[in-house]
Amino acid sequence: MRAIIKNGIGVFHPQGFLDGDAAESMLSIDDIKATENSEASMILVSLKKVIFFNKNGLETFVRMLKKVHKSNNAIVGFCDYDIKKFNSIINFFQNELSFSLFKTYEIASLFAQNYDKQNKNVLVYSDDKSQRAAMAIELHNNGHNPIIAQSKAEFKEKSAKKDTYDMIIEDSYIGQMDSNISSRVTGNAIIYTLSSYLDADTTNKFNIAYHTNSLKIGFRLFIFECYTVKSMNIHALNFFSKIATYAAEYNATICFVGMTYEKTPIKFKETLEDCGIMFFERLDDILEDKELLHELGASKAVAGKDKKGLNKALVSELPKYIDATVATINMMTNAKATKESAQIQTIDIKDKDDKLASSIGFYGDLEGMIMLAFPKKIAKKACEVLIGEETDDIELILDALAEFVNIIGGKVKSLLSNENIKVKITLPRTYENVDELLEVAQDKKGVQVDLSFEDDKFLFFLTR
Amino acid sequence: MITKEQIDSFIQRIPPAPKVLQETINLLDNGELTKAAKTASQDVAFNAYIQNLVNKPAYGLQHQVSDTSQIFSLLGIPKCKQIIYSYILTLLSPEKWSLFELDFIKFKELQANISGKWNLILEHLKIVDKSVQSSISLLPASLIVADALFKERIDDVKLLKETKNLDYNTILKRICGIDIFDLCEEISKKWGMDENVGEIIQSASGVKKSEKKDIEYLGKWMHLLLFYEFSKPVFIEAGLNDFIDFQIDFVDEIYEDFMMVINGATK
């Protein structure tokens, strides 16, 4: 069984009866390895479709969760349960409860890094005072507005006014875990949350592969939230200087917000400013100022350093990328997509209106990026199997499009691995209009392939 | 990916029930147990099958029996009918499975487990209807159909499944507009089974509501029985746990009774 990963959250969905034997059959060593390598920031086991479980059944999953947490610091736990199941888990594990419990997936997603929906008013209650505080801190760090109910009576009273809150949290538990540097995405800006002492260890806690790939797929504004930072030392200063230099190569902007200088030398700020890092007092100073956001690059993604264009290795594998795309269309729609023309050029999209686009990058033995631009109705058609029903909800369509391009990425990965070329794929990105895609792809040479599918055309672009 | 034409051609290829067995079923329907046993004994392969099957622990016979007439009288008409349908299914089962990691022995074990437990459930519910007893035989049929339909594009289907948490049945429904339970109903018609067999099978999907309360109630038991069996390690490894989507709310009210019946069987 593999975890389904979406928005950086991986979820296992066991179903039926979960005892020790059944659980072991559900998880193979390969499944655990794949989860460790997934780079998801949260891994959950959903109990929604489990009608029976015992401690042995859960323990198999807990062992996997601990392993994944140890290897990539992901937040791990169970979700989607009722009060009966919640009490059973608490009872089974009592003092050994190191993982988290989230009553629903939606509650879990509030605690996840990379989650792009913020500013939720969240009512929080737990019998345990320290749990209430832990949840509130995590929620606050993730950009939400927690309201704590201090007693069961207060919780009952407050939760009766459901409309006041976007989400109500009860029967949940935050496991004690070493925290990594968390990140989340808002629009096209990535926000990293730093806390306590910034020292040599900061380098280890920072996911440099994630950061690099974010730059590659077009993110251009990175904000480090420092509200709870106590001090910074010279090692951390050197590290952030390097991050700034690297960002400059991509024309990206790095900002620090909420930094104080009681225990950090003010000259550090000057040094970082010399490296191009900008300082603000509050996060909202940036996020609420649309003009400034635009200037800083959060709404445009200018390709800077990365004008590598094509190379022979990439082009020689071109048929595989096209095959993967054509096969995916075929698989999802039962209609055949055919190649009309292929040319090496910079991306050229003639009619930009009413089009959606998506992209996915891959790195490892080969580096590159696949971009697809579709007329909206074709995107809808191509994703029909994933959407399931007739919809005009653009978020749903973009979501399905991300999964669609993820399938293509998965196919490319497996086609290449047949030839011993090992690549990893990035998170898929979608674009509500093609101008955003053009900002990422502009000036880059690549292979543009026009594909036709049931009398409609869509564009495939492969670049580095 | 899988066209309606392919599905139709698959249904066309399903053989009708062999003549001897069809005759046996007709005799059973008329209450002629002895004549039915005599007719059935002409089919050597069926005789070997039924002997092997009823001597499994799931049937709970105290002594080994090897005479077909004896087996028929021990089992009674409804169970005999159910076994004949199971046998017809094994004739249909593929030599090599593609989507599910099954073989002849595992498939037979699944059939024995499901039909044995279904009999216990019906005893508990005090139901002696022949067609209700036979209906369970069609569930393994859905596995054969799914495996055959997905055979050509297994990797694609698996990749699609890994990307979104869809069960194989939902994937088939979204692509072709017809699901495994519909196909089972088609097979039941082709084999001349009673009309309500199809209804029970559809209700066992857990998503298609039946207007008849008693049918829906049976559907719940069948749905939970499926997941009880599909949660066994051998069938999880075979991929059956991913086959259909478990509807926990649908079976919630019968869960405790179900465990009581099943635990009684395993003690």
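Below, chains carry the letters A, B, ... as their sequence lines are ordered, and counting in each starts from 1.
Contact annotation for B:Phe230: neither backbone nor side-chain heavy atoms come within less than 4.5 Å of a heavy atom of chain A. Contact of B:Phe258 with chain A is made through the side chain alone, with heavy-atom distances under 4.5 Å. Using a 4.5 Å cut-off between heavy atoms, A:Val50 contacts chain B through its backbone alone, with no side-chain atom that close.
With respect to chain A, the highest number of heavy-atom pairs below 4.5 Å among B:Phe227, B:Phe235, B:Phe246 belongs to B:Phe246.
The backbone N or O of B:Ser231 sits nowhere less than 3.5 Å from a side-chain atom of A:Gln15 that would complete a donor-acceptor pair.
Note that NE2 of A:His13 is 12.0 Å distant from CG of B:Asp167, once rounded to the nearest 0.5 Å. Put simply, CD1 on A:Ile51 and CD on B:Gln247 are 11.5 Å apart, with the number rounded to the nearest 0.5 Å. Of the inter-residue distances, the one linking B:Ile236 atom CD1 with A:Leu18 atom CG reads 8.0 Å to the nearest 0.5 angstrom.
With respect to A:Lys49, the side chain to side chain contact (heavy atoms under 4.5 Å, CB included) criterion is satisfied by exactly one of B:Asp245, B:Asn241, B:Ile248: B:Asp245.
Environment of NZ in A:Lys55: crowded, with over 12 heavy atoms of neighbouring residues, nucleotides or ligands closer than 6.0 Å. Taking a 6.0 Å sphere around NZ of A:Lys48, one finds it holds 12 or fewer heavy atoms contributed by other residues, nucleotides or ligands. Around NZ of B:Lys106, the count of heavy atoms belonging to other residues, nucleotides or ligands within 6.0 Å exceeds 12. The local environment of CD1 in A:Ile83 is crowded, with over 12 non-hydrogen atoms from other residues, nucleotides or ligands closer than 6.0 Å.
The aromatic ring centroids of B:Tyr228 and A:Phe17 lie less than 6.0 Å from each other.
The two residues A:Ser25 and B:Glu237 have their closest heavy-atom pair at OG-OE2, 3.2 Å.
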